[in-house]
**Student:** 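One structure is given below, represented as C-alpha cells, and several questions about it will come after.
All heavy atoms count here, side chains included; hydrogens, waters and symmetry mates do not. Keep in mind that what you see is a predicted model, and the values were worked out from it rather than measured. Residues take their numbers from the sequence shown, with the count starting at 1.
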Amino acid sequence: MGTLASNRKGFITGTSQTNYASALNVATGTATDQATGNQTSIQYFKSSGRGGGTFRFIRTFIHFNTTNLTEASSISLQLTSAGGSDSSNFNVTAIKHSAGSSNGSAIGNADFNNIDRNTAYSSATEYASSGTITFTLNAAAAEQINNNNDFNVALLLTVDATQSEEDPLESDGDITNAIAFSSAINLVYTEPAASGYNHKVNTIAATSIGKVNTVATANIGKINTVD
C-alpha cells in the first residue's frame, strides 16, 4: 500500500444568508487556510431568528500533489474525525473543487463556491464522532489522480454536494462534522506490482540492480533460463 499526505488543507465558512437555498450558492466566505487543530469544517447551520435569520454552510478544501502517481488503484481518502454523527443527515460526499487556483495555492474567501457538484469523487459517506473516516474514491477520482499533477477534493455535507432542494433541518440547529487537521489527511492506494526480474544476482538484491549486461531489469524475465 502507498500513502500520500495532503499538500494543503483548510476550510471556508460561507457568508450567512437569510434562507437555505441562498446559503447553498453563496459566492464568498471566510477562509481558514492550512488549518490546524480540531475544527468545525463541514457544517450546515440554521437559526431562523428575527430579521431573516442565519443560514450557513462550511466546506473543506484539500489539495494533493499527485505528480508521482500514475498507476494507483483502490484509492481512498482518510482523515481523523474530531466530532460528528452517524445520522444520514451528517453524511459527507467528496467532490471536485478548483480553489487555490487548482494547483495547491492558498485558498481564499472567494473560493467558497469554486466547487463542481457535477463531479463526485465518492458516494455519501457516514461520518462518525471519532476515529478514522474513509472515503472510497471512484473512477473519476482515480483518473484525475493518475493523469494530473494536482488532485483537488472538497468535502461537503451530502445535502450540500447534491444541492438538495429540501432543508434537512425542520427547526433551528446545526449539522456539524469536525476534522482533526493536526492529524494527517492521506490518500491511501494500491501500488502497481513490481515487474521484471526480481531475484538476487551474484548476491545483490534486484532492487539494487538497474541493468544486467546493459539490459534493464524491467525487461528481463530470466537469467540463464532461471525465472
Side-chain angles (χ1 to χ4, degrees), residues 6-64 77 79-85 87 89-117 120-122 124-125 127-130 133 135 152-169 171-183 185:
S6 60
N7 176 64
R8 192 165 222 107
K9 50 189 177 181
F11 60 93
I12 304 176
T13 302
T15 303
S16 297
Q17 300 295 298
T18 57
N19 58 71
Y20 167 77
S22 296
L24 281 171
N25 295 297
V26 67
T28 63
T30 301
T32 301
D33 186 49
Q34 296 294 56
T36 59
N38 297 343
Q39 300 281 356
T40 294
S41 49
I42 309 170
Q43 184 192 62
Y44 170 53
F45 177 87
K46 174 182 179 177
S47 177
S48 301
R50 295 181 178 179
T54 299
F55 297 75
R56 182 185 66 234
F57 282 94
I58 303 177
R59 299 166 179 164
T60 289
F61 297 82
I62 306 167
H63 172 269
F64 293 89
L77 170 67
L79 55 82
T80 301
S81 170
S85 169
S87 167
N89 278 341
F90 289 70
N91 283 352
V92 175
T93 299
I95 70 171
K96 182 179 181 178
H97 79 73
S98 57
S101 301
S102 296
N103 63 9
S105 298
I107 60 172
N109 297 346
D111 280 320
F112 182 74
N113 209 34
N114 286 341
I115 56 174
D116 181 358
R117 289 189 171 102
Y121 285 148
S122 79
T125 301
Y127 202 100
S129 59
S130 62
I133 309 298
F135 297 86
N152 298 287
V153 55
L155 300 178
L156 279 62
L157 290 173
T158 298
V159 293
D160 185 9
T162 59
Q163 209 167 9
S164 174
E165 294 182 0
E166 183 178 354
D167 188 328
L169 295 178
S171 57
D172 291 351
D174 63 89
I175 302 171
T176 296
N177 293 321
I179 294 175
F181 280 101
S182 293
S183 297
I185 299 179

**Student:** With side chains defined as the heavy atoms from C-beta onward, is the minimum distance between Gln17 and Arg56 less than 4.5 Å?
**Tutor:** no

**Student:** Shortest non-hydrogen contact from Asp172 to Gly49?
**Tutor:** OD2-N, 4.3 Å

**Student:** Return yes if some donor-acceptor pair links the side-chain N/O of Thr15 with the main-chain N/O of Thr28 below 3.5 Å, else return no.
**Tutor:** yes

**Student:** When you compare the side chain of Ile185 with that of Phe64, does any pair of heavy atoms fall below 4.5 Å?
**Tutor:** yes

**Student:** Rounded to the nearest 0.5 Å, how far does CG of Asp174 lie from OG1 of Thr54?
**Tutor:** 12.5 Å

**Student:** Return yes if some donor-acceptor pair links the side-chain N/O of Ser105 with the main-chain N/O of Ser101 below 3.5 Å, else return no.
**Tutor:** no

**Student:** Less than 4.5 Å apart, side chain to side chain, heavy atoms only: is that true for Ile107 and Phe11?
**Tutor:** no

**Student:** With a 4.0 Å cut-off, would you call Asp33 and Lys9 a salt bridge?
**Tutor:** no

**Student:** Should the heavy atoms of other residues, nucleotides or ligands under 6.0 Å from CD of Gln34 be counted, would the total exceed 12?
**Tutor:** yes

**Student:** Take Ser81 and Ser130 through the side-chain hydrogen bond (donor to acceptor under 3.5 Å, both in side chains) test and state the conclusion after the steps.
**Tutor:** CA-CA 5 Å; Ser81 170; Ser130 62; over 6 Å; no

**Student:** Quick one: pull up CZ in Arg117 and CG in Leu24 and give me the separation to the nearest 0.5 Å.
**Tutor:** 5.5 Å

**Student:** For Ala180 versus Ala82, what's the shortest heavy-atom pair and its separation?
**Tutor:** N-CB, 3.8 Å

**Student:** Quick check: closest heavy atoms across Phe135 and Ser122, and the distance to 0.1 Å?
**Tutor:** CD2-OG, 4.0 Å

**Student:** Which residues pass the salt bridge (Lys or Arg N to Asp or Glu O under 4.0 Å) test with Lys46, not counting sequence neighbours?
**Tutor:** Asp167

**Student:** With no hydrogens and no angle check, is any side-chain donor or acceptor of His97 less than 3.5 Å from a backbone partner on Ile62?
**Tutor:** yes

**Student:** So Ile179 and Ile42, side chain to side chain contact (heavy atoms under 4.5 Å, CB included) or not? Walk me through it.
**Tutor:** CA-CA 8 Å; Ile179 294 175; Ile42 309 170; 4.1 Å; yes

**Student:** Between Lys96 and Asn152, is any pair of side-chain heavy atoms under 4.5 Å apart?
**Tutor:** no

**Student:** Do we get Arg59 above Phe112's six-membered ring, with its NZ or CZ under 6.0 Å from the centre and within 45° of the axis?
**Tutor:** yes

**Student:** Would you sort out whether Leu155 and Leu77 count as a side chain to side chain contact (heavy atoms under 4.5 Å, CB included), showing the intermediate values?
**Tutor:** CA-CA 11 Å; Leu155 300 178; Leu77 170 67; 3.9 Å; yes

**Student:** Which heavy atom in Ala161 sits nearest to a heavy atom in Ile95, and how many Å separate them?
**Tutor:** CB-CG2, 4.0 Å

**Student:** Assess the side chains of Thr158 and Thr93: does a donor N or O sit below 3.5 Å from an acceptor N or O?
**Tutor:** yes

**Student:** Looking at every heavy atom in both Leu79 and Tyr127, which two are closest together, and how far apart are they?
**Tutor:** CD1-OH, 3.5 Å

**Student:** Looking only at heavy atoms, what is the nearest atom pair of Ser182 and Gly37, with distance?
**Tutor:** OG-N, 2.8 Å

**Student:** Rounded to the nearest 0.5 Å, how far apart are CG of Leu156 and OG1 of Thr162?
**Tutor:** 9.5 Å

**Student:** Do Tyr44 and Asp160 have side-chain heavy atoms sitting under 4.5 Å apart?
**Tutor:** no

**Student:** Are any of the side-chain heavy atoms of Leu157 and Asn91 separated by less than 4.5 Å?
**Tutor:** no

**Student:** Between Ser164 and Val159, is there a donor-acceptor pair closer than 3.5 Å when you use the side chain of the first and the backbone of the second?
**Tutor:** no

**Student:** From Gln39 CD over to Thr13 OG1, what is the distance, rounded to the nearest 0.5 angstrom?
**Tutor:** 9.0 Å

**Student:** Any sub-3.5 Å donor-acceptor pair from Asp111's side-chain atoms to Asn114's backbone N or O?
**Tutor:** no

**Student:** Do the side chain of Asn177 and the main chain of Ser41 share a donor and acceptor less than 3.5 angstrom apart?
**Tutor:** no

**Student:** Yes or no on side chain to side chain contact (heavy atoms under 4.5 Å, CB included) for Phe181 and Thr60, after CA distance, side-chain angles and deciding distance?
**Tutor:** CA-CA 11 Å; Phe181 280 101; Thr60 289; 4.3 Å; yes

**Student:** Do the side chains of Ile12 and Ile58 get nearer than 4.5 Å, heavy atoms only?
**Tutor:** no

**Student:** Side chains of Phe45 and Ser16, heavy atoms from C-beta outward: is any pair under 4.5 Å?
**Tutor:** no

